[in-house]
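One structure below.
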Amino acid sequence: MAKAERKYWLMKSEPDVYSVEDLRRDGSTYWDGVRNYQARNFMRDEMQLGDWVLYYHSNATPPGVAGIATVSKSGYPDPTQFDAKSKYFDPKATQEKPRWFLVDLTFKEAFKELVSLERLKNAAEELEGMLVIKKGQRLSVQPVEKVHFKQVLKMAGAKAKLR
DNA sequence: GCCAACGTTGGC
DNA sequence: GCCAACGTTGGC
């Protein structure tokens, strides 16, 4: 069987809650609390070990891509859904039939300078079709095309290189 | 803090 | 199964 090709993603986090610097400090983390079915499906079904992720700071000044992480564990049930004390508790979820899934991320790089949403929008030609620059796009886990991922790395002057 | 966009819920 | 009401996201 051919090895599955690496996929590319963008994941949003509010830096006040958990920033790319927090991820650098911790090394890796689990992406809990996603309660959107589309985002859930990506994490459960499509994200795989070794995928690359643009780490996006939302609700920030300015918002934008702050770094890169990699998927270090593919989809598994989000434990917070079973925890009655958690704000992410879901009474309809059971161990046998979990409703929410997450992945683990490992830190790869924090950009020297954030690639702001404004810069992404200004690069509309190179980034045409990229979901994050679309109006009203709220999805917190999004697929990213390889060429777009590459372009963002270029704009960031990232150390990490895509072959 | 405002509010547009959009996902989810629930009454019918 | 429709759709109004409601809740959340996230840029500004």
Side-chain angles (χ1 to χ4, degrees), chain A residues 7-26 29-47 51-71 75-105 107-145 148-149 151-158:
Chain A
K7 290 180 180 160
Y8 301 90
W9 307 93
L10 178 146
M11 295 172 88
K12 297 179 184 173
S13 180
E14 300 191 21
D16 291 348
V17 179
Y18 199 84
S19 73
V20 74
E21 290 303 327
D22 293 322
L23 182 59
R24 185 212 291 274
R25 181 197 61 217
D26 295 343
T29 191
Y30 48 92
W31 206 257
D32 65 355
V34 170
R35 295 294 180 268
N36 168 283
Y37 288 105
Q38 255 185 295
R40 187 276 313 265
N41 293 346
F42 285 134
M43 293 199 288
R44 185 189 61 189
D45 305 333
E46 297 202 36
M47 296 183 83
D51 284 0
W52 283 26
V53 176
L54 293 174
Y55 198 106
Y56 182 90
H57 283 174
S58 61
N59 255 317
T61 336
V65 180
I68 314 166
T70 58
V71 176
Y76 64 99
D78 181 342
T80 63
Q81 69 194 302
F82 309 124
D83 178 2
K85 294 192 294 289
S86 170
K87 66 171 172 171
Y88 298 126
F89 178 65
D90 185 341
K92 292 184 185 150
T94 63
Q95 296 279 351
E96 293 72 31
K97 280 199 136 188
R99 177 178 289 196
W100 305 110
F101 286 72
L102 50 66
V103 298
D104 287 359
L105 293 186
F107 176 81
K108 184 164 183 72
E109 179 174 348
F111 296 153
K112 281 205 193 72
E113 202 178 342
L114 181 104
V115 181
S116 67
L117 179 60
E118 189 184 10
R119 284 184 66 202
L120 295 174
K121 284 180 173 166
N122 288 338
E125 203 165 314
E126 292 86 347
L127 298 178
E128 195 187 348
M130 192 175 182
L131 291 175
V132 74
I133 60 178
K134 283 196 181 147
K135 193 176 167 192
Q137 178 52 263
R138 301 182 307 169
L139 195 58
S140 64
V141 178
Q142 314 179 348
V144 174
E145 289 175 34
H148 293 162
F149 200 104
Q151 175 66 21
V152 174
L153 293 188
K154 190 174 157 193
M155 291 168 74

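Naming: A, B, ... by sequence-line order, numbering from 1 per chain.
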Let me check something: any side-chain donor-acceptor pairs from residues 78-92 of chain A under 3.5 Å, sequence neighbours excluded? List them with distances.
residue: A:Asp78; atom: OD1; partner: A:Thr80; partner atom: N; Å: 2.9
residue: A:Asp78; atom: OD1; partner: A:Thr80; partner atom: OG1; Å: 2.6
residue: A:Asp78; atom: OD2; partner: A:Gly33; partner atom: N; Å: 3.0
residue: A:Asp78; atom: OD2; partner: A:Arg35; partner atom: NH1; Å: 3.0
residue: A:Asp78; atom: OD2; partner: A:Arg35; partner atom: NH2; Å: 3.4
residue: A:Asp78; atom: OD2; partner: A:Thr80; partner atom: OG1; Å: 3.3
residue: A:Thr80; atom: OG1; partner: A:Arg35; partner atom: NH2; Å: 3.1
residue: A:Gln81; atom: OE1; partner: A:Arg99; partner atom: N; Å: 2.9
residue: A:Gln81; atom: OE1; partner: A:Trp100; partner atom: N; Å: 2.9
residue: A:Gln81; atom: NE2; partner: A:Asp78; partner atom: O; Å: 2.9
residue: A:Gln81; atom: NE2; partner: A:Trp100; partner atom: O; Å: 2.8
residue: A:Asp83; atom: OD1; partner: A:Lys85; partner atom: N; Å: 2.9
residue: A:Ser86; atom: OG; partner: A:Tyr88; partner atom: N; Å: 2.9
residue: A:Asp90; atom: OD1; partner: A:Lys92; partner atom: N; Å: 2.9
residue: A:Asp90; atom: OD2; partner: A:Trp100; partner atom: NE1; Å: 2.8

Who passes salt bridge (Lys or Arg N to Asp or Glu O under 4.0 Å) against A:Lys108, sequence neighbours left out? none
Report for the helix from B:dG1-C:dC12 to B:dC12-C:dG1: angle between first-end and last-end helix axes, five pairs each, rounded to 10 degrees. 10°
Minimum heavy-atom distance between A:Tyr56 and A:Pro63, given as atom pair plus value: OH-CB, 3.6 Å
Which pair of non-hydrogen atoms, one from A:Leu120 and one from A:Val152, has the smallest distance, and what is that distance? CD2-CG2, 3.9 Å
Would you please name every residue forming a side chain to side chain contact (heavy atoms under 4.5 Å, CB included) with A:Glu118, sequence neighbours left out? A:Ser116, A:Asn122
Sorted by chain and number, sequence neighbours left out, side chain to side chain donor-acceptor pair (under 3.5 Å) with A:Tyr30 holds for none
Strand-adjacent residues in residues 110-136 of chain A, judged by heavy atoms under 4.0 Å from DNA chain B: A:Lys135, A:Gly136
Should A:Val71 and A:Val53 count as side-chain neighbours, where that means a heavy-atom distance under 4.5 Å? yes
List the atom pairs, with distances to 0.1 Å, where a side-chain N or O of residues 126-143 of chain A and a protein N or O form a donor-acceptor pair under 3.5 Å, not counting sequence neighbours.
residue: A:Gln137; atom: OE1; partner: A:Leu139; partner atom: N; Å: 3.0
residue: A:Gln142; atom: OE1; partner: A:Val132; partner atom: N; Å: 3.3
residue: A:Gln142; atom: NE2; partner: A:Leu139; partner atom: O; Å: 3.1

What residues 54-66 of chain A contributes to the DNA chain C interface at heavy-atom separation below 4.0 Å is A:Tyr56, A:Ser58, A:Asn59, A:Pro63
How would you list all residue pairs meeting salt bridge (charged side-chain N to carboxylate O under 4.0 Å, His left out) that involve residues 56-69 of chain A, not counting sequence neighbours? none
Can you list everything that forms a ring pair (Phe, Tyr, Trp, His ring centres under 6.0 Å) with A:Phe107? Sequence neighbours excluded, please. none
Can you say whether the rings of A:Tyr8 and A:Phe149 are parallel (under 30°), tilted (30 to 60°) or perpendicular (over 60°)? tilted
Does anything in residues 9-21 of chain A form a side chain to side chain donor-acceptor pair (under 3.5 Å)? List the pairs, not counting sequence neighbours. A:Trp9-A:Asp51, A:Glu14-A:Asn59, A:Tyr18-A:Asp26, A:Ser19-A:Asp22, A:Glu21-A:Arg24
Distances for protein N or O near nucleotides 7-9 of chain B N or O, under 3.5 Å:
residue: B:dG7; atom: O4'; partner: A:Arg138; partner atom: NH2; Å: 3.2

